[in-house]
Amino acid sequence: MSDLLDNKEAAQDAVLEWLNKKAKTKSKFYIKDFYKIFPDDKPRMIKKVVNKMVEDGILEYWSSGSTTMYGIKGGGIQHSSEGEN
Amino acid sequence: MAKHETPLLDQLETGPWPSFVSDLKFQAEKRAKNEEGIEFQMPVDVVEDLLGILELSFKHGRTHWKHGGIVGVFGYGGGVIGRYCDQPKNFPGVEAFHTMRVNQPAGKYYKTDYLKTLCDLWDFRGSGITNMHGSTGDIILLGTTTKQLEEIFWTLTHDMNQDLGGSGSNLRTPSDCLGQSRCEYACYDTNALVYFLTNEYQDELHRPAFPYKFKFKLDGCPNCCVASIARSDMSFIGTWKDDIRIDQDAVNKYVENDPAYPANAGAYKGSKDWGPFDLEKEVLGLCPTKCMKFENKKMFIDNANCTRCMHCINVMPRALKIGKETGLSILVGAKAPILDGAQMGSLLVPFLPVNPDNDYEEITEVIENIWDWWMEEGKNRERLGELIMRQGFQKLLEVTGIDPMPQHVSYPRTNPYIFWKEDEVPGGWERDVDEYRKHHQR
Ligand code: HEM
Ligand code: HEM
Ligand code: SF4
Ligand code: SF4
């Protein structure tokens with residue numbers, strides 16, 4: 001595991017910083033998008049950190065039923081929108 | 001009087017088959033009467049509004065349901081499928097109509113008191129409408145509101161020792177046939193393996209980890225009662241290595257049309273007059289590899305050419321039995337036709353022992369190698385079967401460390417994807433031309 005992913009706070013900050021940077025154009029992301037933040041780590045380790053952030057109430061899941069995405073809790077498109085904000 | 005007129009739906013009740021419309025009307029009436037005095041936590045007319053909005057969708061030719069949302073229970077990224085309707089003013093009962101997937105027990109064995117408790121819970125906190133079972137295998141509880149989710153989850157987990165199943169980009173609830181618990185054809189204990197996999201991969205089941213959905217299905221034999229070969233990313237199908245066991249006396253009893261030896265164990269009796277049993281026509285002639293003979297009152301099977309299709313065993317269960325050296329085959333990549341059309345599973349591992357004593361090590365190794373590859377290389381919303389198509393079956397063999405073998409080729413000359421690499425060939429691609437010229441003139 002990289003030092004960045006290993007340090008819970010630094011890892012969470014990196015995720016939030018990345019999400020905030022994208023917030024203008026997009027609010028929901030696939031698990032794969034987070035791989036870019038931790039290029040040296042295995043997907044299995046990354047998903048553990050990201051799922052923990054949901055458990056800690058920092059992020060939330062959005063699910064179509066067949067696909068799951070992640071976003072900042074309360075941010076962006078909620079269920080009532082069809083992409084028109 | 002029904003709350004909404006439903007002339008289009010009413011027509012669906014006129015066919016020869018049981019109709020879900022009749023079932024829904026029955027349930028709507030039952031809730032309206034509420035003879036048991038249930039304190040409904042969902043609007044009492046939820047089912048009537050469901051019928052109403054479905055009628056409207058038929059009339060408009062478009063759906064009035066929105067897709068997806070942020071619903072779930074704490075700590076879980078699956079098991080709840082959020083659905084909201086876009087006509088809440090006219091159909092307030094179904095403003096929110098979420099589905100819960102409940103992890104069915106191995107082999108789908110229930111006690112009646114469990115089913116009663118479950119139905120009571122769903123009448124109380126949901127619409128009362130269930131689907132036993134969804135194509136996923138789960139118990140499907142259709143229609144509840146966001147507020148009820150945690151309450152239901154609490155009751156399920158605390159009072160009923162019952163977990164939710166998978167949805168979204170998770171491992172989906174592993175599902176199996178009833179296997180050795182009831183079926184003499186079963187080549188391994190499907191119930192034990194499905195229970196093990198469900199526990200072993202709890203994290204993958206409850207927290208999204210994958211590019212898309214991933215399904216395990218387990219069949220005890222090639223009869224494939226849960227259709228794992230067509231419906232799961234990884235399909236575990238029981239099989240055997242040694243010979244089909246033949247009881248020659250029993251074979252002759254079938255041939256003599258002994259009434260105690262009915263073909264197919266009597267399964268087709270009474271449907272029509274099938275005439276006397278004809279071994280040649282009904283068994284030997286239908287063997288897909290033509291590997292059977294019956295001469296001088298003796299049956300002979302060329303087991304090296306038998307594909308374990310189960311046909312002869314199904315027809316003559318008292319005479320023919322699966323072999324004794326049993327295990328399973330793993331097939332991968334089946335999927336429904338969203339992209340690139342439907343795909344059946346491709347055979348990856350012809351035979352593995354099924355060994356609970358080492359925690360099914362041989363099997364989990366294949367699973368985890370595949371996941372590592374798919375999680376790394378799979379695109380968003382790309383199923384394993386599509387990744388195999390995109391990067392090639394040979395790549396799959398590489399990541400799983402499995403050598404190509406004849407069983408990987410369904411027909412010669414149609415699978416041109418297995419190539420030698422230079423490091424697999426003694427001497428590589430370079431050769432000593434001088435040495436060659438000693439034997440071959442220019
Ligand atoms: C044109 C409209 C729709 C199409 C084409 C469609 C298609 C599908 C398909 C192919 C499945 C898989 C079937 C299965 O696994 O048994 C499915 C499952 C499901 N759909 Fe839909 N669907 C539609 C509308 C809806 C609506 C309106 C709702 C809810 C209000 C809904 C809720 C669900 C749920 C909860 C499942 C999972 C059921 C289960 O696991 O058995 N769908 N849908
Ligand atoms: C172990 C020995 C041999 C092997 C493994 C072999 C293999 C092959 C293969 C893989 C092809 C391509 C088939 C296709 O793409 O449809 C081929 C084509 C061909 N081979 Fe051989 N071959 C062998 C010996 C020979 C010999 C000894 C001859 C003639 C003296 C021969 C004549 C041909 C011809 C004429 C074709 C082209 C056929 C066509 O285009 O329809 N081969 N061979
Ligand atoms: S798949 Fe085979 S073992 Fe399982 S129930 Fe069907 S016939 Fe029996
Ligand atoms: S199992 Fe199928 S392939 Fe094998 S001998 Fe019987 S009919 Fe033939």
Side-chain angles (χ1 to χ4, degrees), chain A residues 1-2 5 11-12 15 19 22-23 25-85, chain B residues 65-86 88 95-96 98-101 134 136 140 146 166-172 201 203-204 206-215 335-336 338 368 371-383:
Chain A
M1 211 191 309
S2 70
L5 195 67
Q12 297 199 344
V15 169
L19 286 173
K22 300 259 166 186
T25 47
K26 246 177 135 178
S27 67
K28 300 284 176 283
F29 297 87
Y30 291 107
I31 186 71
K32 255 193 108 87
D33 297 327
F34 297 94
Y35 295 0
K36 291 175 216 141
I37 309 172
F38 307 101
D40 302 325
D41 291 290
K42 287 257 155 222
R44 275 189 179 211
M45 300 319 267
I46 300 172
K47 71 121 208 250
K48 282 208 166 90
V49 169
V50 177
N51 283 329
K52 183 84 182 106
M53 290 178 74
V54 177
E55 204 182 308
D56 291 349
I58 305 167
L59 304 182
E60 70 191 354
Y61 298 121
W62 184 95
S63 176
S64 70
S66 64
T67 319
T68 312
M69 302 182 86
Y70 299 80
I72 296 175
K73 193 171 170 102
I77 299 168
Q78 304 285 311
H79 75 83
S80 52
S81 156
E82 289 288 324
E84 69 270 64
N85 286 316
Chain B
W65 295 100
K66 300 185 249 187
H67 208 218
I70 302 162
V71 286
V73 294
F74 183 71
Y76 276 30
V80 179
I81 302 162
R83 291 289 182 268
Y84 299 87
C85 91
D86 66 9
E95 173 164 13
H98 311 317
T99 291
M100 297 187 85
R101 285 213 173 115
T136 53
I140 307 291
T146 310
S167 69
S169 306
N170 298 35
L171 174 66
R172 301 308 184 79
Y201 297 119
D203 198 44
E204 284 76 7
H206 295 311
R207 277 158 289 274
F210 298 138
Y212 203 17
K213 61 179 105 172
F214 195 95
K215 300 178 184 170
K335 64 179 201 71
I338 298 187
E368 288 167 28
W371 279 352
D372 282 344
W373 175 52
W374 181 53
M375 287 167 77
E376 192 90 47
E377 296 287 330
K379 295 183 187 172
N380 295 325
R381 297 176 60 88
E382 183 173 56
R383 291 287 286 276

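Order of the sequence lines sets the chain letters (A, B, ...), proteins ahead of strands, with each chain counted from 1. These numbers were taken from a predicted model, which means no experiment stands behind them.
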*Asks:* Could you state the interatomic distance from OG (S64(A)) to NZ (K66(B)), rounded to the nearest 0.5 Å?
*Replies:*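 So the gap between those two atoms works out to 15.5 Å.
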*Asks:* With a 4.5 Å cut-off on side-chain heavy atoms, are R172(B) and S66(A) touching?
*Replies:*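 The answer is yes, as the side chains (C-beta and beyond) meet within the 4.5 Å cut-off.
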*Asks:* With a 4.5 angstrom heavy-atom cut-off, could you sort out which part of D86(B) is near chain A: side chain, backbone, both or neither?
*Replies:*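 Neither part.
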*Asks:* Is K52(A) close to chain B through its backbone or its side chain, or both, or neither, when contacts mean heavy atoms under 4.5 Å?
*Replies:*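 Neither the backbone nor the side chain of K52(A) comes within 4.5 Å of chain B.
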*Asks:* Passes salt bridge (Lys or Arg N to Asp or Glu O under 4.0 Å), K47(A) versus D203(B)? Steps please.
*Replies:* CA-CA 10 Å; K47(A) 71 121 208 250; D203(B) 198 44; 3.3 Å; yes
*Asks:* To check you understand the geometry: which heavy-atom pair defines the closest contact between E376(B) and P43(A), and what is its length?
*Replies:*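 Residues E376(B) and P43(A), closest heavy atoms: OE1-CD, 3.5 Å.
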*Asks:* Given side chains that start at C-beta, do those of N380(B) and D33(A) come closer than 4.5 Å, heavy atoms only?
*Replies:*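 Side-chain contact under 4.5 Å: yes.
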*Asks:* Between K42(A) and D372(B), is there a donor-acceptor pair closer than 3.5 Å when you use the side chain of the first and the backbone of the second?
*Replies:*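 A pair under 3.5 Å: no.
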*Asks:* Heavy atoms, side chains only, cut-off 4.5 Å: are Y35(A) and M375(B) in contact?
*Replies:*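 Y35(A) vs M375(B): side chains touch.
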*Asks:* Answer whether the closest heavy-atom distance between the side chains of R44(A) and E368(B) falls below 4.5 Å.
*Replies:*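 Heavy-atom side-chain distance check passes, below 4.5 Å.
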*Asks:* May I ask you to name which of N51(A), V50(A), I31(A) has the most heavy-atom pairs under 4.5 Å with chain B?
*Replies:*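 Between N51(A), V50(A), I31(A), the count favours N51(A).
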*Asks:* Can you see which heavy atom on I70(B) is nearest to which on Y61(A), and at what distance?
*Replies:*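 So the two residues come closest at CG2-O, 3.3 Å.
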*Asks:* Among G78(B), G166(B), A209(B), S167(B), who wins on heavy-atom pairs under 4.5 Å with chain A?
*Replies:*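 That would be A209(B).
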